Amino acid sequence: MTHRLSNAMAVIVIGLVLVCAGGTVNSQTKTVDEPFAADYYYKARWGYADEFIRLFLKNHYPILKKQMETGRILSVTCVKPRYHATEEGRWDYRVTIVFRNMAAASDQASEEPIIKKLYPDQETYKREEQRRFEILLGHWDTPVVSVPLDK
């Protein structure tokens, strides 16, 4: 009887593994072509947030707009807090980028030709991008997923 119980348990475990694996494969193939969103948080040194966004708009946003034209990126939005937060939780800008899919989000090779075309003076571009990151105290990227609320 113990042997039968062990065999039955083995069959159940194998069945569960197969069902779970099948579910994982289905959910992965389902999400391959779904939009992929990420939030990019920027925390500047006090008094430098305006300089950061000015450099972002001058040197980075045009690259993102070109990528929207190619279809790699579906949308770019930017928000800032209305009021101050505690220093630990403070951020100055949150940029949300929605990519066509996860593969598009990973394809950073398409950026280099755009950068060279938009900014023929690469020395100035690199110096200003260096400055943009020098004034940051923190920068973090957070992939996000939608949570259906009406289910």
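Since the structure is predicted, the reported quantities are computational estimates derived from the model, not experimental observations. Values reported hereafter were calculated over all heavy atoms of this structure, with side chains retained and with hydrogens, waters and symmetry mates removed.
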Worksheet item: Rounded to the nearest 0.5 Å, what separation is found between the CZ atom of F52 and the CG atom of L136?
Response: 5.0 Å
Fill in: Partners passing ring-ring contact (aromatic ring centres under 6.0 Å, His included) against F56 (at least two apart in sequence or in another chain)
H60
Item to complete: Identify whether M68 and I63 are in the same connected component of the hydrophobic contact network (ILVMFWY, side-chain heavy atoms under 4.5 Å).
Response: no
Fill in: Spacing of N59 atom CG and Q130 atom CD [to the nearest 0.5 Å]
12.5 Å
Worksheet, complete the sentence: Applied to residues 46-59, the salt bridge (charged side-chain N to carboxylate O under 4.0 Å, His left out) test, sequence neighbours excluded, yields E51-R131, K58-E128
Worksheet item: Transitively linked via ILVMFWY side-chain contacts under 4.5 Å: V95 with V79?
Response: no
Fill in: Hydrophobic cluster (4.5 angstrom, side-chain heavy atoms) - remaining members for L149
V147
Worksheet entry | Where at least one partner belongs to residues 83-105, residue pairs that pass salt bridge (charged side-chain N to carboxylate O under 4.0 Å, His left out), sequence neighbours excluded | K43-E87, E87-R90, R90-D92
Worksheet item: K66 versus L118: any side-chain heavy-atom pair under 4.5 Å?
Response: yes
Practice prompt. Not counting sequence neighbours, which residues clear salt bridge (charged side-chain N to carboxylate O under 4.0 Å, His left out) with K65? List them please.
Written response: none
Discussion item. For E129, is there an ion pair with K126 - N to carboxylate O distance below 4.0 angstrom?
Written reply: no
Worksheet item: How would you list, by chain and number, every residue that makes a side-chain contact (heavy atoms from CB on, under 4.5 Å) with L57, sequence neighbours excluded?
Response: I53, Y61
Worksheet item: Who pairs with D39 by side chain to side chain donor-acceptor pair (under 3.5 Å), at least two apart in sequence or on another chain?
Response: T96
Worksheet item: If you link I, L, V, M, F, W and Y whenever their side-chain heavy atoms are under 4.5 Å apart, who else ends up in the same group as Y83?
Response: none
Practice prompt. Can you run down the ring pair (Phe, Tyr, Trp, His ring centres under 6.0 Å) pairs that involve residues 104-124, sequence neighbours left out, and say none if there aren't any?
Written response: Y119-Y125
Item to complete: Of all the heavy-atom pairs spanning K80 and W91, show the shortest one and how long it is.
Response: CA-CZ3, 4.1 Å
Item to complete: State, with a plain yes or no, whether a side-chain heavy atom of F99 is found less than 4.5 Å away from one of I73.
Response: yes
Item to complete: Please examine the side chains of H139 and Y41, heavy atoms only from C-beta on, and report whether any two atoms are closer than 4.5 Å.
Response: no
Discussion item. Under 4.5 Å side-chain heavy-atom separation, chaining through any Ile, Leu, Val, Met, Phe, Trp or Tyr, what else clusters with L74? Say none if it is isolated.
Written reply: V98
Worksheet item: Considering residues at least two apart in sequence or located in another chain, which fulfil the side-chain contact (heavy atoms from CB on, under 4.5 Å) criterion with D121?
Response: E123, T124
Discussion item. Which heavy atom of S110 sits nearest to which heavy atom of R72, and what is that distance?
Written reply: OG-CD, 3.6 Å
Worksheet entry | Inter-residue atom distance D141.CG - Y42.OH, 0.5 Å rounding | 6.5 Å
Worksheet item: Can you hop from L55 to V76 via hydrophobic side chains spaced under 4.5 Å?
Response: no
